[in-house]
Amino acid sequence: MRREIEKGGRTMMASMRIHVSPKVIEWVVQNSDFNGLSEEWQLEVARWLDYGDQPTMIQIKELSRLLYVPFGYFFLDLPPVEDCALFELRTVVRRINKKPSRNLIETVQDMALRQSEVRDKRAELDYPVCRFVGAGVANLESADDAALKVFKLLGIDDDWYGVKDCHQRFDILQEKLANMDVLVAMRSSVVANADRKLDLKEFRGFVLLDEYLPVIFINGNDSWKKRLFVLVHETVHVWLGTAELFDGSDRLDQKFRNPGGEQRAYAITKAMLAK
């Protein structure tokens with residue numbers, strides 16, 4: 001490729017080859033939807049690995065775009081280390097645990113960044129910690145009584161049960177959580193990219209715990225009924241002081257990663273949604 005690019009008043013050749021660490025290329029192949037690329041692209045990347053060929057800047061930019069791998073990763077000496085702790089906390093045990101998609105990774109990273117920015121500011125200002133986090137960690141009451149404790153702490157009265165519209169119930173709970181310094185975020189796609197829809201089969205929500213700003217994220221591609229279930233379920237997890245990546249359903253006949261903890265969380269969730 002010999003076309004030229006005008007940049008900063010100087011002409012740069014698009015065919016200029018860039019050194020990319022083979023270890024980084026291998027990481028990109030293993031941590032992206034590489035198999036979804038065209039055969040031509042797969043053969044090209046294989047040449048970089050097998051024969052030591054180097055990509056052009058244009059190729060790096062295009063591969064970054066196709067695989068949703070951050071452009072800067074290609075210039076690292078060693079493969080990036082991405083925090084995968086949350087991805088080990090899936091609700092359901094599956095025969096094959098697929099690696100998290102770039103869409104999920106970027107969504108978690110975006111929410112974690114927002115959380116850390118607020119946490120640092122609040123810690124600096126000696127802001128009081130969120131008393132909702134882990135408030136029920138030692139609670140051994142029945143699911144019905146535990147649900148009442150959650151409602152009382154959030155300031156939700158019996159009128160909740162009279163609200164039948166799931167969207168309205170969602171909004172009520174979201175507002176009450178915000179009053180307790182729990183951030184509820186909801187999106188149906190990767191931030192700033194509406195074409196990259198979040199996959200409900202991969203996850204429906206997640207919890208990022210923090211003493212200053214716990215975060216509940218909801219996959220906005222669900223129905224309002226299912227969004228409400230996930231919000232209530234994740235609210236219970238914050239109250240119990242447990243993070244999770246919710247990839248289950250509203251049924252109890254699932255193989256849970258943490259059977260005791262999840263059965264407890266599900267029972268309280270059901271009690272909060274009863275009537």
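Computed from a predicted structure; not experimentally measured. Throughout, residue positions are numbered sequentially from 1 according to the sequence presented.
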Verdict with reasoning, L86 to L208, per side-chain contact (heavy atoms from CB on, under 4.5 Å) | CA-CA 8 Å; L86 183 67; L208 296 176; 3.8 Å; yes
Does the side-chain hydrogen bond (donor to acceptor under 3.5 Å, both in side chains) test come out yes or no for N219 and R204, once each step is laid out?
-> CA-CA 5 Å; N219 188 332; R204 294 170 61 191; over 6 Å; no
Residue pair I105, F87: steps toward the side-chain contact (heavy atoms from CB on, under 4.5 Å) verdict = CA-CA 9 Å; I105 290 172; F87 309 130; 3.9 Å; yes
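Residues W160 and V238 share a hydrophobic cluster, clusters being chains of Ile/Leu/Val/Met/Phe/Trp/Tyr side chains in contact below 4.5 Å. Residues L67 and F71 fall within the same hydrophobic cluster, defined by Ile, Leu, Val, Met, Phe, Trp and Tyr side chains chained together at heavy-atom separations under 4.5 Å. Both V232 and Y161 are members of a single hydrophobic cluster when ILVMFWY side chains are connected at heavy-atom separations under 4.5 Å. Under a hydrophobic-cluster definition in which Ile, Leu, Val, Met, Phe, Trp and Tyr are linked whenever side-chain heavy atoms come within less than 4.5 Å, directly or via other members, V118 and Y212 are assigned to different clusters. At a threshold of 4.5 Å between side-chain heavy atoms, the hydrophobic network of Ile, Leu, Val, Met, Phe, Trp and Tyr places M57 and V20 in one connected group.
To the nearest 0.5 Å, the span separating CD on E202 from OG1 on T107 amounts to 9.0 Å. Atoms CD1 and CD1, from I58 and I18 in turn, are 10.0 Å apart once rounded to the nearest 0.5 Å. Rounded to the nearest 0.5 angstrom, M16 CE and T56 OG1 are separated by 9.0 Å. Expressed to the nearest 0.5 Å, how far CD of E44 lies from CG of L63 amounts to 9.5 Å. The line from CG of L213 to CG of D120 is 11.0 Å long, rounded to the nearest 0.5 Å. Summarising the geometry, atom CH2 belonging to W48 is positioned 8.5 Å from atom CZ belonging to R17; distances are rounded to the nearest 0.5 Å.
Remark: K176 does not engage D171 in a salt bridge, criterion side-chain N to carboxylate O under 4.0 Å. The residues K149 and E141 are annotated as salt-bridged, a charged nitrogen and a carboxylate oxygen being separated by less than 4.0 angstrom. Comment: E62 engages R65 in a salt bridge, judged by a side-chain N to carboxylate O separation of less than 4.0 angstrom. A salt bridge between E124 and K121 is absent, with no side-chain N of the basic residue lying under 4.0 Å from a carboxylate O of the acidic one. Salt-bridge formation is not detected for the pair R257/E88: no Lys NZ or Arg NE/NH1/NH2 atom is positioned less than 4.0 Å from an Asp or Glu carboxylate oxygen.
Closest non-hydrogen pair, L37 versus Q42, comes out as O-NE2, 3.0 Å. Minimum heavy-atom separation, D181 to C130: O-SG, 4.3 Å. Annotation for M180 and L154: closest pair CG-CD2, 3.8 Å, computed over non-hydrogen atoms. The shortest heavy-atom contact between I216 and L177 is CD1-CD1, 4.2 Å. Summarising the geometry of A147 relative to A271, their closest heavy-atom pair is CB-CB, 3.8 Å, with the distance given to 0.1 Å. Residues L200 and N221 come closest through the heavy atom pair CD1-O, 3.5 Å.
For R114, the CZ atom sits in a loose shell: 12 or fewer heavy atoms of surrounding residues, nucleotides or ligands are nearer than 6.0 Å. Within 6.0 Å of atom CG in D50, more than 12 heavy atoms from other residues, nucleotides or ligands are found, so the atom counts as buried in its surroundings. In the displayed structure, L113 atom CG is contacted under 6.0 Å by more than 12 heavy atoms of other residues, nucleotides or ligands. More than 12 heavy atoms of other residues, nucleotides or ligands lie within 6.0 Å of CG in D157, so this atom counts as buried by the packing criterion.
In this structure, R102 forms no cation-pi arrangement with Y68, as its terminal cationic atom is not both closer than 6.0 Å to the ring centre and no more than 45° off the ring axis.
Partners of Y266 by ring pair (Phe, Tyr, Trp, His ring centres under 6.0 Å), not counting sequence neighbours, listed by chain and number: F229, H233, F256.
Remark: the N139 side chain and the R264 side chain contain an N/O donor-acceptor pair separated by less than 3.5 Å.
A parallel orientation is assigned to the rings of F206 and F217, their planes being inclined by less than 30° (bins at 30° and 60°).
Looking at heavy atoms from C-beta onward, W41 lies out of side-chain contact with F34 at the 4.5 angstrom threshold. With a 4.5 Å cut-off on side-chain heavy atoms, E262 and E244 count as touching.
With F246 as reference, E234 is the one residue of E234, R90, H237 to meet the side-chain contact (heavy atoms from CB on, under 4.5 Å) rule.
In terms of modelled atom types and a separation under 3.5 Å, the side chain of S21 and the main chain of D77 share a donor-acceptor contact. In this structure, N103 contributes its side chain and L198 its backbone to no donor-acceptor pair below 3.5 Å.
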